[in-house]
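Proteins come first, then strands; the chains are lettered A, B, ... in the order of their sequence lines, and each starts at number 1.
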2 protein chains.
Amino acid sequence: MKTRDDSLAIVRNRRERPAKPALTRDGIIQTALEILRAEGLSKVTMRRVAVALDTGAASLYVYVRDTEDLHAQILDALLAPVSRTKTEGDWCRQIKAILSKYMEVLFAYPALARMAMSTPASGPNYMRMVDRMLGLLAAAGAPDRNAAWGIDLLLLHATAHAAEHGTWKESQRAADDFATLEAAVAGADPKKYPHIARLSSDLMSGDRSRLEWSFDLLINGVLETPVSVREEES
Amino acid sequence: MKTRDDSLAIVRNRRERPAKPALTRDGIIQTALEILRAEGLSKVTMRRVAVALDTGAASLYVYVRDTEDLHAQILDALLAPVSRTKTEGDWCRQIKAILSKYMEVLFAYPALARMAMSTPASGPNYMRMVDRMLGLLAAAGAPDRNAAWGIDLLLLHATAHAAEHGTWKESQRAADDFATLEAAVAGADPKKYPHIARLSSDLMSGDRSRLEWSFDLLINGVLETPVSVREEES
DNA sequence: ACCTGAACACCGTTCAAGT
DNA sequence: ACCTGAACACCGTTCAAGT
């Protein structure tokens with residue numbers, strides 16, 4: 001079936017489009033982003049990216065250390081607009097605006113949020129974002145150490161929340177598990193789990209307002225909690 | 001080489017030990033735990049567990065929905081001792097003691113912490129642990145909703161922290177990345193990243209005390225932060 | 001230095017067929 | 001109902017060989 005004619009077609013294709021643009025780090029990331037958007041992170045594999053670039057997986061290793069590195073570079077690319085978010089209002093509004101944008105991209109790709117938690121991020125866009133937020137916390141009057149530790153806390157929470165809730169919304173599997181959990185909480189045996197049974201409605205309540213609450217709690221705590229002074233109970 | 005004699009040997013083996021204990025959910029989890037301890041979560045695969053049980057991977061699907069479910073069941077098994085931790089002292093100490101135990105197991109297997117973030121946990125040991133902590137927060141005088149939302153916040157933070165820092169300590173790869181990050185922070189260009197450069201030492205400082213700080217901040221916030229009342233800046 | 005094909009050593013999951 | 005072998009459709013990474 002495929003002999004002479006095919007090789008002719010290939011030659012023609014070579015003429016009509018440049019066919020194989022040279023491999024570059026940027027080209028790889030762009031292609032990876034396309035696959036991410038079209039099919040999700042789980043399809044962004046070395047092999048699949050390579051096929052899309054009309055080469056073999058081995059060729060990518062010149063530009064990318066391994067699969068995780070590829071994913072980390074994708075995330076940093078997606079963070080470019082976040083690091084440049086236009087903000088206005090008081091510092092608290094501004095911080096929340098940046099956190100919102102950050103969470104938006106992680107919610108869109110929860111698998112990236114999970115990845116971000118196991119790979120120390122050091123991409124330029126991440127750095128830029130952190131720098132801006134540090135500036136805002138400093139302007140708010142946070143002591144140096146509180147600002148430094150606080151940024152970490154805020155971003156860890158944002159990432160973790162997105163990883164958790166994003167995943168739950170994403171997959172059917174997680175949705176099923178969530179239903180199981182919901183049922184387990186709603187129908188908790190008051191003998192075995194008295195507090196869960198008593199608080200069952202509060203445990204599942206709140207969504208947007210719950211997230212708001214947690215960020216208020218965190219931001220407030222970052223400003224007010226003295227470093228290395230242990231709280232005594234009252 | 002291997003013909004008659006081998007089949008005899010097999011028969012002999014059948015006699016000498018019961019050879020193949022019946023497949024059960026518990027047996028599967030036990031075997032999985034052994035592999036986890038010996039080789040880490042990445043080796044706890046359907047195929048590998050099946051081989052250890054002298055069967056085919058397909059057989060496991062009667063007891064386990066999929067790989068993630070297997071991992072979730074492993075985590076709940078590891079949480080059994082945590083849910084029964086003996087505690088003493090004031091409620092704050094007790095909560096911290098349970099959180100510590102919880103983090104200990106996640107630190108030992110950071111990959112499980114990552115998994116926990118994408119799978120809503122509803123195992124019996126997890127439930128028992130949550131119930132105890134809810135009781136402690138209630139005893140501390142936290143309003144119902146604060147206790148309910150707060151437990152989630154505390155456990156999410158514990159899990160996320162373990163996933164992040166545990167992984168960094170675990171793999172060579174992550175350690176390298178961490179070194180890269182450290183260098184990027186220490187050598188941050190003050191023109192591009194003024195705040196990172198200024199706070200570079202604080203950004204990398206603290207380890208144990210930093211974790212203490214974040215839990216104090218969270219516990220305090222859970223007790224004090226009113227629900228659905230927005231903070232105004234001062 | 002960069003690119004490639006082929007190979008190695010794995011995966012999860014499904015399914016028809018057996019008991 | 002439970003168990004199995006075989007098959008399907010993939011993976012990441014390495015390495016010798018080419019340019």
In this structure, how many angstroms lie between the C1' atom of C:dC2 and the CG atom of A:Leu53, rounded? 15 Å
Looking only at atom C1', what distance separates C:dA6 and D:dC11, rounded to whole Å? 16 Å
Length of the CZ-C1' vector between A:Arg173 and C:dG12, whole Å: 13 Å
C:dA1 versus D:dA17 - spacing of their C1' atoms, nearest Å: 15 Å
Protein-nucleotide distance (B:Leu70, atom CG; C:dC11, atom P), rounded to Å: 13 Å
Rounding to the closest angstrom, what is the interatomic distance between C:dA16 and D:dC2 at atom C1'? 15 Å
Rounded to whole Å, please give me the gap between NZ in B:Lys43 and P in C:dA9. 12 Å
Between atom OH in A:Tyr61 and atom P in D:dA16, what is the gap in whole Å? 17 Å
Euclidean distance, atom CZ of residue A:Arg47 to atom P of D:dC10 [Å, nearest integer]: 11 Å
Whole-Å distance between C:dG12 P and B:Asp66 CG? 10 Å
With the threshold set at 4.0 Å, does a side-chain nitrogen-carboxylate oxygen contact exist between A:Arg114 and A:Glu68? no
Going by heavy atoms in the side chains, are A:Leu33 and A:Arg37 under 4.5 Å from each other? yes
Of the listed nucleotides (C:dC2, C:dC11, D:dC3), which one gets closest to any side-chain atom of B:Ser59? D:dC3
Angle class for the B:His161/B:His165 ring planes (parallel below 30°, perpendicular above 60°, tilted otherwise)? parallel
What is the distance, rounded to the nearest whole Å, between atom CD of B:Glu39 and atom C1' of C:dC10? 13 Å
